[in-house]
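To start, the structure under review is shown below, and the notes come after it.
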Amino acid sequence: MPSSGTQIVLLAICVFVCTATKALEWKQWTCDELTPDLCELDVKTGSFSIRSIDIHYWRYKRSGPVSNPQIDLPIITLHGGPGWPHDYMSPLKQLACRSSSEVIFYDQAGAGKSRIDPNKSLPKHLLDAKYYSEEELPALIRHLKLDRYHVFGHSWGTILAQLFVLNSKNTSGLQSLILAGPLSDGKSYVDAQWDKEEGNLGSLPPFVQERIKSLEKDDAYEGWEYKAINNVLTTFFTLRTAPAPDCFTKAGDGLNREIYVGMQGPSEFAFSGTLGRFNVTGRLHEINIPVLLTHGKFDTMRPSIVKAMDREIKLSERKMLPHSGHIAMIDDAGLMNDLVADFVHRVETNSFTSKKTTEVDTGAVKEKSDVRKDKIVVSMHVYAVHLIMALTLGVVLGKLNWNCNKTEYRRIE
């Protein structure tokens with residue numbers, strides 16, 4: 001029989017081995033486990049060719065019948081990047097659980113499974129936003145024979161969605177847009193991040209701000225210092241779910257960095273490349289379909305950017321997700337799917353009404369102004385009408401002794 005000392009050593013080894021085994025069992029979170037109410041789904045894959053590049057897509061549909069579906073039409077999702085594949089958006093497939101139709105993902109040319117030959121030079125059209133919005137996306141819609149559909153764009157995908165609705169020759173089947181983490185002006189996007197009041201970078205300690213500005217001025221994006229800062233800031237403002245789940249890391253593995261840098265620039269917190277001068281804010285009034293704008297509380301797309309879009313779009317509403325960075329479909333998966341399903345349902349049942357028509361006097365044409373001021377004015381008008389009615393009733397009843405409760409009018413954010 002082993003001595004007591006030997007027994008202790010053997011016990012320690014056993015504890016170590018058992019602990020190590022348990023540790024090895026966990027690798028990382030999955031996006032399926034962080035997505036509430038995920039059902040059993042069927043997925044059909046396919047591809048079509050455009051300019052000799054195979055574009056791959058995935059169509060998710062609920063297995064079996066759906067009772068009382070919230071959604072009846074397909075939703076096409078447009079991933080961000082540019083050059084990031086669709087994988088990180090996978091929590092959105094839960095929308096298919098609420099639908100009698102399907103949720104469609106695809107990898108844009110050069111990204112993920114829609115890869116190109118790495119030994120050949122990058123085709124120039126893959127750095128041109130016009131290709132994605134006026135050629136590739138319409139080709140997907142034609143290939144899938146979609147007559148009516150919704151479009152969900154995220155980040156760069158919101159740029160693609162805006163250009164599609166503004167410039168594409170045929171968007172008659174488009175019923176609504178969902179723009180998550182959106183921007184309509186590249187310069188304002190960068191400026192807003194450095195804002196001292198609402199900016200994300202503007203909220204960092206002064207020394208860190210100085211180092212970022214100095215490194216960007218020297219184009220030191222590939223240096224260890226900038227990469228170290230960028231990795232930390234990613235968990236602050238891009239994806240706050242840390243450690244990152246599987247669908248995010250898989251998307252990172254499929255990134256086409258040449259497309260990303262060529263269009264976006266070398267950093268998530270700057271904006272250069274072919275998109276550096278992007279600005280369609282002045283054309284947003286041309287969009288005549290319902291639009292849902294969403295952004296995370298800690299998003300790289302700051303509130304001023306999204307509010308500016310909200311003011312310009314005729315039929316829009318804006319929702320902020322309280323726990324999220326830029327990738328809200330992971331950080332706030334349940335709430336994101338709830339907001340999208342509710343919005344799409346109201347669009348499909350003709351019960352969507354823009355706040356811009358319910359919060360202002362519809363009998364008068366107003367100049368463009370802050371919508372929050374209109375809310376205060378309308379609230380005061382309603383209060384005045386109620387007060388007059390109360391006074392009239394009091395005279396009739398001969399009871400004019402009552403206490404007036406103080407009413408506080410607040411700006412509605």
Where L140 and Y106 come nearest, the two heavy atoms and their spacing: CD2-CD2, 3.4 Å

Check: A192 main-chain N/O paired with R302 side-chain donor or acceptor under 3.5 Å: no

Pairing residues for F237 by the ring pair (Phe, Tyr, Trp, His ring centres under 6.0 Å) criterion, not counting sequence neighbours: none

Side chain proximity check, I76 to I141, heavy atoms < 4.5 angstrom: yes

Donor-acceptor under 3.5 Å (E286 side chain, L166 main chain): no

Note, E40 side chain near R62 side chain (heavy atom, < 4.5 Å): no

Student check: side-chain heavy atoms of Y221 and L215 closer than 4.5 Å: no

Beyond-backbone contact of P182 with M309, side-chain heavy atoms, under 4.5 angstrom: yes

Full working for side chain to side chain donor-acceptor pair (under 3.5 Å) between N167 and R283: CA-CA 11 Å; N167 298 332; R283 294 188 60 197; 2.8 Å; yes

Distance, nearest 0.5 Å, that separates OG of S90 from CH2 of W58: 11.5 Å

Side chain S203, main chain N200, donor-acceptor under 3.5 Å: yes

Over 12 foreign heavy atoms within 6.0 Å of NZ, K44: no

Parallel, tilted or perpendicular: ring planes of F343 versus F352, cut at 30 and 60 degrees: perpendicular

Minimum-distance pair of heavy atoms, taken over all atoms of F164 and P138: CE1-CG, 4.0 Å

By side chain to side chain contact (heavy atoms under 4.5 Å, CB included) - contacts of N231 (at least two apart): none

Non-hydrogen side-chain atoms of R346 and E317 separated by less than 4.5 Å: yes

F248/W29 aromatic ring centres below 6.0 Å: no

L239 and D331: CA distance, side-chain angles, deciding distance, side chain to side chain contact (heavy atoms under 4.5 Å, CB included) verdict: CA-CA 7 Å; L239 179 69; D331 284 340; 3.5 Å; yes

Residue pair E210, K217: steps toward the salt bridge (Lys or Arg N to Asp or Glu O under 4.0 Å) verdict: CA-CA 10 Å; E210 291 172 6; K217 183 179 179 181; over 6 Å; no

Donor + acceptor pair across side chains of D54, S47 (<3.5 Å): no

Derivation of the salt bridge (Lys or Arg N to Asp or Glu O under 4.0 Å) call for D342 and K319: CA-CA 12 Å; D342 174 72; K319 301 293 183 181; over 6 Å; no

Flag for D246-Q28: side-chain donor and acceptor within less than 3.5 Å: no

Side chains of I313 and H285 in contact at under 4.5 Å (non-hydrogen atoms): no

No-hydrogen, no-angle side-chain donor-acceptor test under 3.5 Å, Q94 and Y60: no

Close aromatic pair by centroid cut-off 6.0 Å: Y57 and H143: yes

Heavy-atom pair with the smallest gap, counting every atom of G110 and N256: O-ND2, 2.9 Å

Rounded distance (nearest 0.5 Å) linking atom CE of M329 with atom CG of L95: 10.5 Å

Donor-acceptor contact present, side-chain E102 to main-chain K61, <3.5 Å: no

Side chain to side chain donor-acceptor pair (under 3.5 Å) evaluation trace for Q175 with Y149: CA-CA 6 Å; Q175 304 301 299; Y149 51 89; over 6 Å; no

Main-chain N/O of E33 paired to T30 side chain as donor or acceptor, under 3.5 Å: yes

Polar side chain donor-acceptor pair, K187 to N279, under 3.5 angstrom: no

Heavy-atom side-chain proximity of I104 to I75 below 4.5 angstrom: no

Ion pair R98/D338, N-O distance below 4.0 Å: yes

Pair D185, T281: side-chain N/O donor-acceptor within cut-off below 3.5 Å: no

S101 and S99 side chains, donor-acceptor separation under 3.5 Å: no

Donor + acceptor pair across side chains of Q108, Y132 (<3.5 Å): no

Derivation of the salt bridge (Lys or Arg N to Asp or Glu O under 4.0 Å) call for K124 and D128: CA-CA 7 Å; K124 291 183 179 180; D128 185 357; over 6 Å; no

Main-chain N/O of F269 paired to S267 side chain as donor or acceptor, under 3.5 Å: yes

Check against side chain to side chain contact (heavy atoms under 4.5 Å, CB included), H79 and D107: CA-CA 8 Å; H79 63 71; D107 285 346; 4.3 Å; yes

Pair L233-T238, side chain to side chain contact (heavy atoms under 4.5 Å, CB included): steps then yes or no: CA-CA 7 Å; L233 295 187; T238 304; over 6 Å; no

Side-chain (D117) to main-chain (N119) donor-acceptor, under 3.5 angstrom: yes

Check: N230 side chain, K227 main-chain N or O, donor-acceptor pair, under 3.5 Å: no

Closest non-hydrogen atom pair, L183 against F278: O-CE2, 3.8 Å

Backbone of T158 reached by a side-chain donor or acceptor of Q162 within 3.5 Å: yes

SB check R142 E135 (cutoff 4.0 Å): no

Pairwise side-chain contact, L92 with F105, heavy-atom cut-off 4.5 Å (strictly under): yes

Minimum heavy-atom distance between S324 and R240, given as atom pair plus value: C-CD, 3.8 Å

Within 45° cone and under 6.0 Å: K213 NZ/CZ vs W194 ring: yes

Any side-chain donor near an acceptor of the partner, E348 and H150, under 3.5 Å: yes

Derivation of the side chain to side chain contact (heavy atoms under 4.5 Å, CB included) call for Q264 and F271: CA-CA 5 Å; Q264 155 82 28; F271 208 67; 3.3 Å; yes

N/O donor-acceptor pair under 3.5 Å between D37 side chain and T35 backbone: no

Salt bridge (Lys or Arg N to Asp or Glu O under 4.0 Å) between R211 and E225, worked out: CA-CA 9 Å; R211 292 307 303 147; E225 183 182 2; 2.7 Å; yes

Test item: side-chain donor near acceptor, S172 and N170, under 3.5 Å: yes

Pair listing, ring pair (Phe, Tyr, Trp, His ring centres under 6.0 Å) test, anchored in residues 292-331, at least two apart: H154-H326

Smallest separation among heavy atoms of I330 and L34, with atom names: O-CD1, 3.7 Å

